[in-house]
Protein chains: 2
Amino acid sequence: MTVTVSAPERLIRIGEVARGAGVSVRAVRYYEQQGLLIAERSPSGQRLYRQDAIPLVRFFQEMFAAGLTSRRITELLPCWDSGHTDAEQRAMLRAERERIQAKIDDLQATLDHLDEVIAITDTHP
Amino acid sequence: MTVTVSAPERLIRIGEVARGAGVSVRAVRYYEQQGLLIAERSPSGQRLYRQDAIPLVRFFQEMFAAGLTSRRITELLPCWDSGHTDAEQRAMLRAERERIQAKIDDLQATLDHLDEVIAITDTHP
DNA sequence: CTTGCCTCTGACGCTGGCGTCAGGTTTTAG
DNA sequence: CTAAAACCTGACGCCAGCGTCAGAGGCAAG
C-alpha cells in the first residue's frame, strides 16, 4: 500500500499566473468572477493558485478565440479537468467542435474569395 | 462606335435588400451610417438600392465573420468594386489574408485539442 | 378613405471581455 | 525601517454591431 504524501506544491500569486499565461491581472480576476478559476486565499486575502492555473488560463484564451463564452466554458470544464463526464456534457463538447469546424470552413471559403480578389487586383492594376 | 443605353435597372427598397441578404433592416441602415453602402433616395426620402447591394451586404457579413471592422472594410472596398487599386490597398488586402490564415490555423489547433479531449471523455466515461 | 405594411429619423440598450482609475493593504528588496 | 512593487475591492468605461422602442410619414389595395 502506497501513501501519497502530497508534495508541498508551491502556490503562486496572481501576477505570476498572468505573466505566465500572457494575460492581464485584471483578466485573471475576471475569470474568477465568472466562475472559471477558483483560487485559495492567503490569510491576508491574496489569491493563491497552483501552477496548473497557467495552462488553464491559456486554455481559456484558446476557447475565447474559438468563440466560446465564459459561461459555456464553465459548463465544459468537467470534461476537461475531471475524469467523470455525463452524456450531456459530451454532447455539448461535440456540438462546440462542430461549431468550430463550421467556422473554419467559413473562413476558408472567405480566404478563397479573398485570394481571387487578390489575383485580380494584382494582374489588373 | 457603340452607345450603351443604361438599362432601366429596377431599384429596390431596404426591406428587399435585408431579406435578400439575410440581415435586418437595421443592419443595412447601420452599414450606410458606417459608409459601407451608399443609397439613392426617393423624393420622399426612402433609400433605393441596386440589386447588387444584396451580394455586397453578403460580402460585408463574410468580412465581419472574418473579424474585420467596418472601417477596415471601407478601406478595402476599392479593391473589390473598382478596377483601380494602389499598392497600399493591395498590401492591406494581403495583410488581412494573412490574419485570416493565422486565425484558421489557430482554430485548427484548437479543434485538434478538443478532439483529444473528446477521445478521452469518450473512452474514459 | 382607410387599413395595413413599409419606411424614416433619432436615441437609448445590450453583450462580453476586459481597461482603467481610486483608494487602501501587503509583501518584498535594500 | 522604508520605499517600491504587488495585491485587494469596487465601480465606471469602452467598443462594435446591431436590437428595440417612439413617433411620424409613405404607399398600394379594397
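Below, read A as the first sequence line, B as the second, and so on, with proteins coming before strands; counting in each chain starts at 1. Note that the coordinates shown come from a computational prediction; the quantities given were computed from them, not determined experimentally.
In this model, the phosphate group of D/dC8 is approached by a side-chain N or O of A/Arg47 to a distance below 4.0 Å at OP1 or OP2. Of the side-chain N and O atoms in B/Gln61, one or more sit less than 4.0 angstrom from OP1 or OP2 of D/dC18. For the OP1/OP2 pair of C/dG17 and a distance below 4.0 Å, the side-chain nitrogens and oxygens of A/Thr69 include no atom meeting the criterion. Of the side-chain N and O atoms in B/Arg41, one or more sit less than 4.0 angstrom from OP1 or OP2 of C/dT9. OP1 or OP2 of D/dC27 lies within a sub-4.0 Å distance of a side-chain N or O belonging to B/Ser44.
When distances run from any side-chain atom of A/Gln46 to the nucleotides D/dG25, D/dC8, C/dG17, the shortest one goes to D/dC8.
Using modelled atom types, one side-chain atom of A/Arg58 and one backbone atom of A/Gly20 make a donor-acceptor pair closer than 3.5 Å. No donor-acceptor distance shorter than 3.5 angstrom exists from the side chain of A/Glu116 to the backbone of A/His113, with no hydrogens or angles considered. Checked by atom type and distance alone, the side chain of B/Gln51 pairs as donor or acceptor with a backbone atom of B/Arg10 at under 3.5 Å.
At the heavy-atom level, A/Arg29 lies under 4.0 Å from base atoms of the strands shown. In this structure, B/Ser42 reaches neither bases nor backbone, as no heavy-atom distance under 4.0 Å exists between it and the strands shown. Residue-level contact check: A/Leu68 touches the backbone only, with heavy atoms under 4.0 Å from sugar-phosphate atoms and none from bases.
The CZ-P distance, from B/Phe60 to D/dG17, rounds to 12 Å in whole Å. When rounded to the nearest whole Å, the span between OH of A/Tyr30 and C1' of D/dG13 equals 15 Å. Between the CD atom of A/Gln33 and the C1' atom of C/dG19 there is a distance of 14 Å, given to the nearest Å. As rounded to whole Å, 13 Å separates atom P of D/dC18 from atom CG of B/Leu37. At whole-Å resolution of the value, CZ in A/Arg72 and P in C/dG16 are 13 Å apart. The CD-P distance, from B/Glu32 to D/dG17, rounds to 16 Å in whole Å. As rounded to whole Å, 8 Å separates atom C1' of C/dG17 from atom CD of A/Gln34. In this structure, B/Ile14 places its CD1 atom 9 Å from C1' of C/dC8, rounding to the nearest Å.
Closest approach of A/Ile100 to B/Leu107, counting heavy atoms only: CG2-O, 4.1 Å.
Looking at A/Arg26, its side chain comes within 3.5 Å of the base of C/dT20 through a donor and an acceptor atom.
When each of A/Arg19 and B/Phe64 is assigned the nucleotide of DNA chain D bearing its nearest heavy atom, the one mapping closer to the 5' terminus is A/Arg19. Comparing A/Tyr31 and B/Tyr49 by the nucleotide of DNA chain C whose heavy atom lies nearest to each, the residue mapping closer to the 5' end is B/Tyr49.
Of the candidates B/Phe64, B/Phe59, B/Tyr49, B/Tyr31 forms a ring-ring contact (aromatic ring centres under 6.0 Å, His included) with just one, namely B/Phe64.
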